[in-house]
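First up is the structure itself, then whatever we jot down about it.
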2 protein chains.
Amino acid sequence: MSQASNRLEKRDQLISTAFSLFYRYGIHAVGINQVIDAAGVAKRTLYHHFESKEALIAATLAYRDQQFRTWLEARIEQAPPGEGALLAVFDALNDWFNERDEAIMPFHGCFFINTCAEYTDPQNVHHKQCQAHKRLVGEMLLRHAYQVNAERADELSQELVFLKEGAIVQAHVMAAPQAALVAKGMAKRLLQSYAT
Amino acid sequence: MSQASNRLEKRDQLISTAFSLFYRYGIHAVGINQVIDAAGVAKRTLYHHFESKEALIAATLAYRDQQFRTWLEARIEQAPPGEGALLAVFDALNDWFNERDEAIMPFHGCFFINTCAEYTDPQNVHHKQCQAHKRLVGEMLLRHAYQVNAERADELSQELVFLKEGAIVQAHVMAAPQAALVAKGMAKRLLQSYAT
DNA sequence: CTGGATGTATACCGGTCTGTCTACTTTGGT
DNA sequence: ACCAAAGTAGACAGACCGGTATACATCCAG
């Protein structure tokens with residue numbers, strides 16, 4: 001057993017526990033005491049690793065950003081490049097919504113949209129961090145859109161983002177896990193109109 | 001001066017004040033004391049009209065549901081029926097995002113999406129109330145979609161809802177008020193493919 | 001003209017919030 | 001073997017939470 005890392009893992013333990021609680025119950029609704037109890041860690045330890053709750057929130061957003069983009073990138077790479085890759089996004093969403101992919105379970109909406117809902121001011125630190133995440137995901141789609149239609153890649157990827165966000169909201173708010181399939185159908189027709 | 005209604009208006013005053021605060025800062029972030037201070041009302045008065053904060057939240061959601069649907073309905077009715085009405089939705093969104101319509105200012109995202117983000121469990125009372133609102137808005141679109149393509153009205157309205165939700169999220173999270181125009185462009189092409 | 005509904009102001013209750021502090025233990029690299 | 005880093009448990013501070021209680025004022029309908 002790696003005792004050495006056991007110590008250093010406390011930080012990650014706190015982050016992943018905080019993420020699970022924030023994601024499920026919302027950030028304001030979860031107190032620091034809940035986090036440390038669930039993580040099985042002393043309060044002092046939390047404040048050893050993080051200056052404040054704000055810092056923990058920032059770390060949680062960074063953690064999820066990494067996890068989510070790594071997951072989506074992997075799902076896309078398994079598909080054929082170009083159109084296949086872009087449609088694979090919606091298959092990935094489908095598995096996410098239906099909690100069929102362990103790597104990204106469970107589903108309680110988009111953590112970043114949810115966080116922006118709690119910090120509605122676009123100038124807010126956390127809101128900005130969510131924007132940065134969405135920008136990176138958008139750029140990911142853009143790279144693949146480039147394979148489909150280089151001249152209109154910006155347009156195409158932007159429109160696909162709309163379908164993606166719409167699907168996530170619909171799946172969460174309406175508890176409609178089939179939303180990804182509707183969005184995929186729309187995406188297919190969109191791709192046809194962009195085919196070169 | 002109508003002193004009689006002055007009394008009865010306190011309830012509405014509380015609701016509209018609570019809405020403004022909840023909408024801007026999130027529900028969990030706003031305390032009951034903030035609400036009564038902003039409304040200029042005694043705490044006893046709040047608890048005379050509402051059993052609890054939960055009850056105030058419910059009333060706030062009902063108030064916004066009414067306000068929003070009345071506003072959107074009016075905006076749609078001003079446009080020619082059928083396609084015009086459906087496209088008018090996106091013009092309305094455009095004015096909302098850009099805070100050009102006093103009747104619906106300001107813009108901090110969709111109150112119902114935001115509330116679902118704070119109460120992620122679809123079984124939660126408030127989450128369900130948000131679903132009900134979205135269902136009513138969806139039915140509103142459905143009625144107009146029926147004028148465009150009676151056989152495929154369900155499909156069409158559902159797809160327009162995706163564009164609408166996508167636009168709202170994009171406008172809020174990315175602070176991109178032009179999102180409504182992108183969505184309108186997509187909607188136009190969608191309507192072409194549904195034209196009878 | 002009186003009584004009940006609605007309002008005011010303010011103190012209070014028990015609990016929880018973030019964050020600090022004390023005092024002690026475990027661990028691992030040098 | 002030793003010391004700094006990282007950990008533990010838990011009390012504490014001061015603010016704020018939702019909600020109740022007390023005591024009194026205003027208003028209007030029967």
Side-chain angles (χ1 to χ4, degrees), chain A residues 1-61 63 114-115 118-119 124-126 129, chain B residues 1-61 63 115 118-119 124-127 129:
Chain A
M1 244 173 277
S2 59
Q3 303 272 9
S5 52
N6 210 346
R7 294 300 203 80
L8 294 169
E9 274 165 15
K10 294 279 167 183
R11 190 174 188 276
D12 301 318
Q13 225 172 94
L14 278 163
I15 293 173
S16 94
T17 303
F19 166 70
S20 296
L21 291 170
F22 289 162
Y23 184 39
R24 188 180 303 260
Y25 302 108
I27 294 176
H28 283 110
V30 173
I32 237 66
N33 294 316
Q34 256 179 281
V35 175
I36 60 168
D37 286 353
V41 146
K43 191 181 270 197
R44 197 69 205 270
T45 303
L46 188 153
Y47 282 99
H48 173 74
H49 289 294
F50 305 98
E51 251 199 356
S52 61
K53 187 186 181 181
E54 299 280 286
L56 177 61
I57 295 168
T60 302
L61 286 166
Y63 162 80
N114 293 358
T115 300
E118 292 205 66
Y119 302 95
N124 174 277
V125 185
H126 305 311
Q129 202 174 344
Chain B
M1 242 174 276
S2 60
Q3 301 272 9
S5 53
N6 212 346
R7 296 300 202 78
L8 294 170
E9 273 165 15
K10 294 280 166 181
R11 190 174 189 277
D12 301 318
Q13 224 173 95
L14 278 162
I15 293 174
S16 95
T17 303
F19 166 70
S20 296
L21 291 170
F22 289 162
Y23 185 40
R24 188 180 303 261
Y25 302 109
I27 294 176
H28 283 110
V30 173
I32 236 67
N33 294 314
Q34 258 178 279
V35 174
I36 60 169
D37 286 354
V41 146
K43 192 182 268 197
R44 196 69 204 272
T45 303
L46 188 154
Y47 281 100
H48 173 74
H49 289 295
F50 305 99
E51 250 200 358
S52 61
K53 187 184 182 181
E54 298 280 287
L56 177 61
I57 296 169
T60 302
L61 287 166
Y63 163 80
T115 299
E118 293 205 65
Y119 302 94
N124 175 277
V125 183
H126 305 312
H127 193 116
Q129 202 174 345

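Sequence lines set the chain letters: A, B, ... in the order given, protein chains first and strands last, and positions in each chain run from 1.
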Check your understanding: A:Lys10 side chain N/O closer than 4.0 Å to the phosphate oxygens (OP1, OP2) of D:dT8?
Key -> yes
Point to revise | Polar side-chain atom of B:Gln129 near backbone of B:Leu61 as donor-acceptor pair, under 3.5 Å | key: no
Check your understanding: Closer to the 5' end of DNA chain C via nearest nucleotide, is it A:Ile32 or B:Arg44?
Key -> B:Arg44
Check your understanding: Rounding to a whole Å, what distance do you find between A:Ile27:CD1 and C:dC17:C1'?
Key -> 16 Å
**Study point:** From A:Phe22 atom CZ to A:Thr17 atom OG1, the distance as rounded to the nearest 0.5 Å
**Key:** 10.5 Å
Check your understanding: Using a cut-off of 4.0 Å on non-hydrogen atoms, how would the nucleic acid contact of B:Val35 be classed: base, sugar-phosphate, or nothing?
Key -> nothing
Point to revise | Any donor-acceptor N/O pair under 3.5 Å between C:dG19 base and A:Lys53 side chain | key: no
Exercise for review: Would you indicate, yes or no, if D:dC16 has its OP1 or OP2 atom less than 4.0 angstrom from a side-chain nitrogen or oxygen of B:Asn33?
Suggested key: no
**Study point:** Whole angstrom value for the distance that separates C1' of C:dA9 from CG of B:Asp37
**Key:** 12 Å
Practice item. Take the protein atom CD1 of B:Ile36 and the nucleotide atom P of D:dG19, then report the distance between them rounded to whole Å. Key: 12 Å
**Study point:** Spacing of B:Leu56 atom CG and B:Leu14 atom CG [to the nearest 0.5 Å]
**Key:** 7.0 Å
Exercise for review: Would you confirm whether B:His28, through its side chain, and A:Ala29, through its main-chain N or O, come within 3.5 Å as a donor-acceptor pair?
Suggested key: no
Exercise for review: Respond yes when some side-chain nitrogen or oxygen of A:Ser52 is under 4.0 Å from OP1 or OP2 of C:dT18, and no when none is.
Suggested key: no
Exercise for review: Nearest whole angstrom, please: distance from the P of C:dT6 to the CG of B:Asp12.
Suggested key: 13 Å
Exercise for review: Ignoring backbone atoms, test whether A:His48 places a side-chain nitrogen or oxygen under 4.0 Å from the OP1 or OP2 oxygen of D:dT8.
Suggested key: no
Check your understanding: For the side chain of B:Lys43 and the backbone of B:Ile32, is there at least one donor-acceptor N/O pair under 3.5 Å apart?
Key -> no
Point to revise | Rounded interatomic separation in angstrom, taking NE2 from B:His49 and P from C:dT6 | key: 7 Å
**Study point:** Length of the CD-P vector between B:Glu51 and D:dT20, whole Å
**Key:** 9 Å
Exercise for review: Round to the nearest Å and state the distance from B:Gln13 atom CD to C:dT6 atom P.
Suggested key: 16 Å
**Study point:** Interatomic distance where NZ belongs to A:Lys43 and P belongs to D:dC12 [whole Å]
**Key:** 14 Å
Exercise for review: Measure from the side-chain heavy atoms of B:Val41 and tell me the nearest of D:dT8, C:dG19, C:dT8.
Suggested key: C:dT8
